[in-house]
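I'd like to ask some things about the structure below.
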Amino acid sequence: MTDRTALEDADTGEKADRAVVRDALGVGVAVGLSGFAFGVTSAGSGLTLPQTCALSLLVFTGASQFALVGALAVGGGPFTAAAGAFFLGARNAFYGLRLSQLLVLPRAVRPFAAQWVIDETAVVALAQPTRRAARLGFFVTGLTLYLLWNLTTLLGAMGAEAIGDTGAWGLDAAGPAVFLALLAPMLKTGTERAVAGLAVLLGLGLLPVLPAGVPVLLAALAAPAVLWADGRRRRGEQEDA
Amino acid sequence: MNAWIAIGATALGCYAVKLAGLLVPAGALERPVIRRLAALLPVALLAALTAQQTFADGRTLVLDARAAGLAAAAVVLLLRAPFLLVVAAAVVVTAGVRAMGAG
């Protein structure tokens, strides 16, 4: 009797593992392929092949990579460009916080696991019901995504160098489309929409008058500004009530 | 050289924040206002970057084929299409509008 239960447990465990791996591969493959878009955009922005590949290998967080090559393309200084990319990457610290409680990785493993702490691995791992499934989801998503993202970055950059004028192929629209696709699911409430709207106004309005890269950093102030206005309004409502 | 400096700084900074999340004790960053700000910062940055990379040519604002491409991407996004299709729509429409000689 106990044997049978153990067998069934192992069976459902295996089934659960397979479901996690399937989810992880789905995310890893779909997003990993968009490394093409990054390779093309980066090469089109004037970065060399080694520079483009170094970004995918070492930075490995898509939005920051796109932001950096975009800022460099318009002539932003290296530190202004890096600051924008850094602020975008800062959200990964919060994924790390939640993942470290969920995965409980040995201290020696953490420096290696850290490079894979990004949107996609966090989404897959945090959706799992057990620690075992979360670890498996994190590992499979991370590995698939890291390998594919770097491979397709290389192919995209080589392809862009081969076809020359990426603009003629509309490939300069890939960068903003990626940003829009990342942004859209975040616009859940009025607060997020207000932040996005204000950031667009600041980003475009300041563009002609400030050095390249600086308007994006100032547009980031839309977040604390809207948060502060929200807090004031809420306090006001409480006092009225 | 500038590009390598930018790459180095970005790689170090981005790795540091990833590692920090795994190493700092839980609770250190758990203040609600910090969590809210961390969630809203990417919204502001992504919105500004989307707008700039669509409507900017250097430091001047322009309306060209990229705007049509982004509009196509937005429509495809509303149809809940996968990520790659969104990017492909933007690229194809931008190239198409350019081929027709506009923008």
Side-chain angles (χ1 to χ4, degrees), chain A residues 30 33-34 37 47 51 54-55 58-59 61 64 67-68 70 72 74 78 81-82 85-97 100-101 110 114 117 169-171 173-184 186 192 195-196 199-200 203-204 207-208 216 219-220 222-224 227, chain B residues 2-7 9-11 13-15 17-24 26 29 33 35-56 58-61 65-66 69-70 73-74 77 82-84 86-87 89-96 98:
Chain A
L33 287 177
S34 50
L47 271 78
Q51 287 170 339
L55 275 171
L58 301 176
V59 177
T61 175
S64 297
L68 185 74
L72 291 175
V74 295
F86 173 78
F87 286 135
L88 267 175
R91 71 190 186 290
N92 291 327
F94 292 85
Y95 294 141
L97 268 182
S100 74
Q101 292 167 33
R110 289 183 203 175
V117 174
W169 296 81
L171 291 168
V178 168
F179 287 138
L180 189 67
L182 290 171
L183 174 65
M186 295 181 184
E192 281 92 3
V195 168
V200 167
L204 293 182
L207 188 80
V216 169
L227 209 56
Chain B
N2 262 359
W4 279 117
I5 295 172
I7 291 166
T10 306
C14 286
Y15 179 74
V17 289
K18 288 173 177 173
L19 187 63
L22 287 183
L23 291 186
V24 299
L29 298 170
V33 67
R35 292 194 70 91
R36 288 293 289 152
L37 200 57
L40 286 177
L41 266 182
V43 173
L45 287 163
L46 289 172
L49 286 165
T50 308
Q52 286 191 354
Q53 296 197 2
T54 307
F55 299 109
R59 287 175 63 188
T60 46
L61 298 181
R66 285 172 297 173
L70 201 76
L77 260 176
F83 190 80
L84 277 181
V86 175
V87 178
V91 169
V92 169
V93 169
T94 303
R98 283 214 182 106

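Chain letters run A, B, ... following the sequence lines, proteins first and then strands; every chain starts at 1.
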Which region of A:L68, side chain (C-beta onward) or backbone (N, CA, C, O), has a non-hydrogen atom less than 4.5 Å from a non-hydrogen atom of chain B, or is it both or neither? side chain
Given side chains that start at C-beta, do those of A:P224 and B:L37 come closer than 4.5 Å, heavy atoms only? yes
Is chain A contacted by the side chain of B:P42, its backbone, both, or neither, given a heavy-atom distance below 4.5 Å? both
Smallest separation among heavy atoms of A:L207 and B:R59, with atom names: O-NE, 3.7 Å
In this structure, CG of A:L58 is separated from OG1 of B:T10 (nearest 0.5 Å) by 10.5 Å
How long is the span from the CD atom in B:Q53 to the CZ atom in A:F179, to the nearest 0.5 Å? 4.5 Å
Select, from B:A20, B:A44, B:G58, the one with the greatest count of heavy-atom pairs under 4.5 Å involving chain A. B:A44
Looking only at A:A181, A:A54, A:A219, the option with the highest number of non-hydrogen pairs under 4.5 Å against chain B is A:A181
Please classify the contact between B:L84 and chain A as side chain, backbone, both or neither, with a heavy-atom cut-off of under 4.5 Å. side chain
Using every non-hydrogen atom in the two residues, find where A:A82 and B:A6 come nearest and quote the distance to one decimal. CB-O, 4.0 Å
Whatever's closer than 4.5 Å to a heavy atom in chain A on B:A56 counts as both
Which atom of A:V59 lies closest to which atom of B:C14, heavy atoms considered: CG1-SG, 4.0 Å
Side chain / backbone / both / neither for A:L72 at chain B, heavy atoms under 4.5 Å: side chain
Report the distance from atom CG of A:L180 to atom OG1 of B:T54, rounding to the nearest 0.5 Å. 8.0 Å
When you measure from the side chain of B:Q52 to the backbone of A:G203, do you find a donor-acceptor pair of N or O atoms at a distance under 3.5 Å? yes
Of A:A222, A:A184, A:G89, A:A220, the largest count of non-hydrogen pairs under 4.5 angstrom with chain B goes to A:A220
Engaged part of A:A174 at the chain B interface, taking heavy atoms whose separation is under 4.5 Å: both
Where does B:V33 contact chain A at under 4.5 Å (heavy atoms): side chain, backbone, both or neither? both
Counting heavy-atom pairs under 4.5 Å with chain A, the top scorer among B:V86, B:L49, B:V92 is B:L49
To check you understand the geometry: which heavy-atom pair defines the closest contact between B:R35 and A:F94, and what is its length? CA-CE2, 4.5 Å
So, using side-chain hydrogen bond (donor to acceptor under 3.5 Å, both in side chains) as the criterion, who are the partners of A:T61 when residues are at least two apart? A:N92
Side chain / backbone / both / neither for B:A74 at chain A, heavy atoms under 4.5 Å: both
Heavy-atom pairs under 4.5 Å with chain B, option from A:L227, A:V74, A:L33, A:L171 with the top count: A:L227
If you round to the nearest 0.5 Å, how far is CG of A:L88 from CG of B:L46? 5.5 Å
Would a 4.5 Å heavy-atom cut-off, applied to side chains only, mark A:W169 and B:V91 as touching? no
Relative to chain B, which segment of A:L47 carries a heavy atom at a distance below 4.5 Å: side chain, backbone, both, or neither? side chain
Between A:P176, A:A177, A:S64, which shows the greatest number of heavy-atom pairs under 4.5 Å with chain B? A:P176
Quick check for you: to the nearest 0.5 Å, what is the distance between B:L45 atom CG and A:R91 atom CZ? 9.5 Å
Over 12 non-hydrogen atoms of neighbours within 6.0 angstrom of OH in B:Y15: yes
Tell me, side chain or backbone of B:L77 under 4.5 Å from chain A's heavy atoms, or both, or neither? side chain
Would you please name every residue forming a salt bridge (charged side-chain N to carboxylate O under 4.0 Å, His left out) with A:R110, sequence neighbours left out? none
Quick one: does any side-chain atom of B:R66 pair with a main-chain N or O of A:A173 as donor and acceptor, under 3.5 Å? no
